[in-house]
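Just below is one structure, and these are the notes that go with it.
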Protein chains: 2
Amino acid sequence: MLVAERHEKIVRLVNERGSIRVSELSEICNVTEETIRRDLDRLEQAGRLLRSHGGAVSILDQQPEVPYMEREITHMEEKKRIAQEAVKLIEAYDRIILDASTTAWYMASILPDIPLTVVTNSIKVAMELSGKEKVEVISTGGVLAPRSLSFVGPSAERSLDPYHVGKAFLSCKGIHLDRGISESNEMQALVKRKMIAIADRTYLLADYSKFGLQAFTYFAELHQIDEIITDDKIDPLHLQELKEKAVKVTVAGRA
Amino acid sequence: MLVAERHEKIVRLVNERGSIRVSELSEICNVTEETIRRDLDRLEQAGRLLRSHGGAVSILDQQPEVPYMEREITHMEEKKRIAQEAVKLIEAYDRIILDASTTAWYMASILPDIPLTVVTNSIKVAMELSGKEKVEVISTGGVLAPRSLSFVGPSAERSLDPYHVGKAFLSCKGIHLDRGISESNEMQALVKRKMIAIADRTYLLADYSKFGLQAFTYFAELHQIDEIITDDKIDPLHLQELKEKAVKVTVAGRA
DNA sequence: ATATATATAATCAAAAACAAACAAAAGAAA
DNA sequence: TTTCTTTTGTTTGTTTTTGATTATATATAT
């Protein structure tokens, strides 16, 4: 990527999200944080954004043009680390599924531009990946869920029918040892259930806060999950219980 | 290859790909990098591209900044007037189709927030409508076409199968009296053909510049179109010919 | 408030990209 | 043809970019 392109990308990201951290830009652009800081200095000089400790903020009014960019995502740091860990599992020429979760969106943003087919029901994921030439993006159809900007409903499920992928990366609202994996929104739950069905391996992306919880709709049993990726704030007790249930768990540690 | 030819080639490549490296151009053109640098300097002088360390970036689509929507779209004013005219045809509880065109995008942005079901294959249209509570948005699935941010391919066509709508609003690249309606991109053309098939009435949104043109792929005959909405710059001769063919034409005048 | 972690600025070295100068080659004009 | 101009490739030295390192400043937690 050319310098000018990187600068445009930085400005775009800053304006989209309202603010962004140096570390995040470093990952997305695949350059060191030092380079990002120099970029930010120059972009501030040019009046295209405002610098602040740890990152940069948009120069436009803070009201993001779409309400969906809800800043202050809970457990953001953990989700990012989980996304980093998950991306490591992806290889060239994989066919994968990403669901409509914040963690999947992070994955999409830091995904390297390698030959890959990604199936998703998330507009955000699709848009994030549209900039990566080598990545083929396939979207489900369906009814648009305005808040999450994702496609759900019977036609979303049906549109997954013809596909078969190697790896599915899904998130959830709750993981309960006995009751299984749950989601607060039934429509999303049904789509996830279908995604599991057409994937060889399912990876569950869940930060520590999800364990022990039960949400409205159950969409999978624990044994249907091949691997859980979580963060190091997970309760050791939960970790132990999962071990006893023979569930593979990867803990994403700090860099 | 002549110098002028090489220059045209460079500009074309830069605009096609958004950016390109000096080394890449050197290989493609079979000249040394020094020559390419000299070329780029001159092309930048002439305002045909922008130089960046290591290569050059396109001068086009390079301000998707604040006026996310108001880019240098050709015949923007005409398209807006056509969109305004088309929106007048929409009533509460209609089920309509919007395609992945700029005009459809304008329509989406000025569509009143009334009970409505909109089927589209355009991410931009879907996002624009996501803010309108009373509008239900249904998207086709399919392969993401990165440049137009729309869904195409067999699965996009298939995902239209189960639907039936009252009105379809489509655009095109060319309208020819005898040869019919054409589009430059075959995949988009096939989707449009399907859209026409599932709509009771098809409205063709076409600014004056489209008449008499033929693009790569034909996707409809004139008689399949129920009404053409165009602007007042249309050639009276074309208007007369359409009249003789008994095609209903609405001319969007200035506000 | 103090300690600890994190972010930054300053400096350096290596690699890549560049600019300038010059000579050879190709075209245009006499 | 000869002469003149333009273009191109080569060489050389310079600048820019980047990542690494170190020391300093700033935030966060206890």
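The chains referred to below are lettered A, B, ... by the order of the sequence lines, with proteins before strands, and numbering in each begins at 1.
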- For D41(A), the salt bridge (Lys or Arg N to Asp or Glu O under 4.0 Å) test, sequence neighbours excluded, returns R51(A)
- Those residues that, when tested against K173(B), pass salt bridge (Lys or Arg N to Asp or Glu O under 4.0 Å) (two or more places apart): E183(B)
- Report the distance from atom CZ of R37(B) to atom P of dT12(D), rounded to the nearest whole Å. 17 Å
- Note on the structure: Under a 4.0 Å heavy-atom cutoff, the residues of residues 19-26 of chain B touching DNA chain C are R21(B), V22(B)
- Task: Not counting sequence neighbours, which residues clear side-chain hydrogen bond (donor to acceptor under 3.5 Å, both in side chains) with E221(A)? List them please.
- Result: none
- Query: Will you find, in the side chains of T250(A) and E85(A), an N or O donor that is under 3.5 Å from an N or O acceptor?
  - Reply: no
- Query: Are side-chain N/O atoms of S150(B) and S148(B) paired as donor and acceptor at under 3.5 Å?
  - Reply: yes
- Message: Based on the rotation axes of five pairs at each end, what angle does the helix from dA1(C)-dT30(D) to dA30(C)-dT1(D) bend through, to 10°?
- Response: 40°
- In B/S/- notation (B base, S sugar-phosphate only, - none; protein heavy atoms under 4.0 Å), nucleotides 13-20 of chain D written 5' to 3' is ---SSBBS
- Item | D39(B) with R6(B): basic N within carboxylate O range, under 4.0 Å | yes
- Query: Under the 3.5 angstrom rule, does the side chain of S139(A) hit a backbone N or O of G141(B) as a donor-acceptor pair?
  - Reply: no
- Okay, side chain of N15(A), backbone of R12(A): is any donor-acceptor separation there less than 3.5 Å? no
- Is the F169(A) ring parallel, tilted or perpendicular to the Y203(A) ring (thresholds 30°, 60°)? parallel
- Message: Contact between F211(A) and H176(A) at the side-chain level, heavy atoms closer than 4.5 Å - yes or no?
- Response: no
